[in-house]
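Down below is the structure, laid out as structure tokens.
In this text, all values refer to a predicted model and were calculated from it rather than measured experimentally.
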Amino acid sequence: MGNKETFFKHITEANTTKGDFIPVGAAMLDGETITGAHVKIPLKTMNRHGLIAGATGTGKTKSLQVLAENLSDKGIPVLLMDIKGDLSGIAQPSPGHVKIDERHEKIGLPFESKSFPVEILTLSEQNGVRLRATISEFGPVLLSRILDLTETQSGIVAVIFQYCDDHKLPLLDLKDFKKILQYATQEGKAEFTEAYGRISTASTGAILRKIVELEQQGADLFFGETSFDTQDLLRIDEQGRGYINIIRLTDIQDRPKLFSTFMLSLLAEIYSTFPEQGDNDRPELVLFIDEAHLIFDEASKALLSQIESIVKLIRSKGVGLYFVTQNPTDVPEEVLGQLGLKIQHALRAFTAKDRKAIKLTAQNYPDSEYYDTEDILTSLGIGEALVSALDEKGRPTPLAATMMRAPMSRMDVLTDDELQTLLAESKLVKKYNEDIDRESAYELLNQKIKDAEEEEAKEQAKKEREALKKAETKRQTSTSRRRSSTRMNPIVKVLTSATFIRSVFGILTKVLKK
């Protein structure tokens with residue numbers, strides 16, 4: 001057999017599956033697409049996580065779109081982080097193009113144009129289903145890690161949560177948390193000291209500053225009610241297709257703290273609420289995190305540790321995580337080592353640093369007798385990628401330079417009218433977009449402080465009335481004593497009266513005359 005025939009057999013045998021799969025394209029040899037040499041990703045391994053990487057304009061987003069569409073077609077819900085704002089077109093069918101037809105003819109796959117069920121979500125004031133979570137749902141450990149607190153400060157946060165649990169004070173949003181922090185060192189200082197020990201104002205001040213920093217990135221829109229139920233990510237439409245949930249993040253690119261906060265809380269919530277799946281034949285949910293460096297660049301060591309732990313554990317819940325970024329080196333090695341699927345688009349070697357990154361990237365892929373990995377990384381065209389997946393037994397498949405298939409949906413954004421129509425039909429918009437500000441720690445503490453102030457005012461008024469009463473009694477007693485001291489004895493009064501004296505003198509005069 002010639003080299004092409006050997007290569008064809010090499011690829012097709014390695015991509016033979018017993019279970020369901022997603023065909024992503026056809027393998028290439030020496031720049032030529034080998035028709036029918038299909039590169040497949042078994043559904044069974046799609047909860048083993050993955051990476052889609054490559055320089056700007058090489059086709060990362062289209063590869064993401066292809067995977068999301070095919071997962072939806074298989075009845076598997078998807079969650080996409082749309083940082084650049086170019087994924088909403090999945091809700092509309094592809095208009096088709098002659099180049100798409102030519103591509104699919106080379107690959108040996110028929111092209112079908114179709115739209116997919118889409119739900120638009122948002123973290124900000126953009127149109128879409130509002131995503132929120134309460135402070136209580138975060139808990140003291142996760143909140144402390146997000147705020148990058150010291151051990152002492154984390155201890156104070158734990159005490160705050162305990163106090164709120166003990167006194168049934170709901171912690172819903174950031175204003176609740178700020179209020180209880182202030183209360184702990186001001187009006188409630190004595191109460192906290194007696195029950196939990198002294199709380200330093202310097203520590204609470206430092207925590208407050210961290211909260212203000214988070215607020216400045218828009219976190220006040222995220223914390224609150226109604227909390228998003230992660231089960232709503234698992235919806236299936238009437239045709240049996242999984243919903244593609246797209247989170248619009250175009251306006252938070254410069255607020256990485258909010259993005260990483262949301263992502264960590266979402267992954268933690270999914271991990272804590274989804275049941276264990278074991279070794280299933282398909283994932284329950286697949287998440288694609290575009291511009292993944294936004295999570296890792298601003299993350300503290302504690303936050304990175306938390307992310308690494310969740311990545312390792314969450315696949316047992318039937319959840320696959322796929323990181324989309326320009327360079328694999330954007331992802332920490334501890335996370336990169338957990339990724340089973342790698343779709344590597346072209347990298348550009350403009351600088352010495354770029355060349356070093358390419359060498360490191362090439363070492364992440366299996367050796368191949370058909371490719372010089374380091375060389376092919378810089379020569380791939382748009383819509384072409386090196387693909388290395390896991391087979392159904394969890395073994396890496398042979399490396400394949402792949403002509404990627406085209407998305408079935410539109411590779412563009414929705415118009416304003418199309419977006420409004422989509423949102424008008426959404427059941428989740430009606431469920432989550434009502435602003436709720438029920439009585440919580442902020443209002444209850446304010447009322448408690450007000451009641452205490454009123455009680456103190458009453459006590460003070462009572463004390464003042466009693467003091468006045470005592471002063472009046474004392475004054476009256478003093479006046480009475482003075483009157484008593486100046487009142488003349490009746491006998492003395494008679495003896496000293498003018499009448500009595502005249503009578504005495506009259507008697508004396510008569511006696512003397514005799």
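- For residues 50-59, the set of pairs meeting the salt bridge (Lys or Arg N to Asp or Glu O under 4.0 Å) definition, not counting sequence neighbours, is empty.
- Aromatic ring orientation, Phe192 versus Tyr183: perpendicular (interplanar angle above 60°, classes split at 30° and 60°).
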Only pairs under 3.5 Å count here: list side-chain donor-acceptor contacts from residues 87-95, not counting sequence neighbours, and write none if there are none.
residue : atom : partner : partner atom : Å
Ser88   : OG   : Leu414  : N            : 2.9
Ser94   : OG   : Gly96   : N            : 3.0

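- When the side-chain contact (heavy atoms from CB on, under 4.5 Å) test is applied to Lys430, no partner is found at least two apart in sequence or on another chain.
- Listed by chain and residue number, nothing satisfies the salt bridge (Lys or Arg N to Asp or Glu O under 4.0 Å) test with Asp165 (two or more places apart in sequence, or in another chain).
- Residue pairs meeting the salt bridge (Lys or Arg N to Asp or Glu O under 4.0 Å) criterion with at least one member in residues 59-80, sequence neighbours excluded, are Asp20-Lys74, Asp73-Lys114.
- Partners of Phe116 under the ring pair (Phe, Tyr, Trp, His ring centres under 6.0 Å) rule, at least two apart in sequence or in another chain, do not exist in this structure.
- Applying the side-chain hydrogen bond (donor to acceptor under 3.5 Å, both in side chains) test to Asn433 and every residue at least two apart in sequence or in another chain returns nothing.
- Among residues at least two apart or in separate chains, salt bridge (Lys or Arg N to Asp or Glu O under 4.0 Å) pairs with a member in residues 309-321 are Glu276-Lys317.
- Residues in residues 199-218 take part in these salt bridge (Lys or Arg N to Asp or Glu O under 4.0 Å) pairs, two or more places apart or across chains: Lys178-Glu215.
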Under 3.5 Å, which donor-acceptor pairs link side chains of residues 267-274 to any protein atom two or more places apart or in another chain?
residue : atom : partner : partner atom : Å
Ser272  : OG   : Ala268  : O            : 3.1
Ser272  : OG   : Glu269  : O            : 3.1
Thr273  : OG1  : Thr230  : OG1          : 3.3
Thr273  : OG1  : Glu269  : O            : 2.7

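- Under the salt bridge (Lys or Arg N to Asp or Glu O under 4.0 Å) criterion, Glu291 pairs with Lys84, not counting sequence neighbours.
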Kindly list each side-chain donor-acceptor pair under 3.5 angstrom involving residues 328-339, sequence neighbours excluded, with atom names and distances?
residue : atom : partner : partner atom : Å
Thr329  : OG1  : Asn327  : OD1          : 3.0
Asp330  : OD2  : Thr325  : OG1          : 2.7
Asp330  : OD2  : Asn327  : N            : 3.3

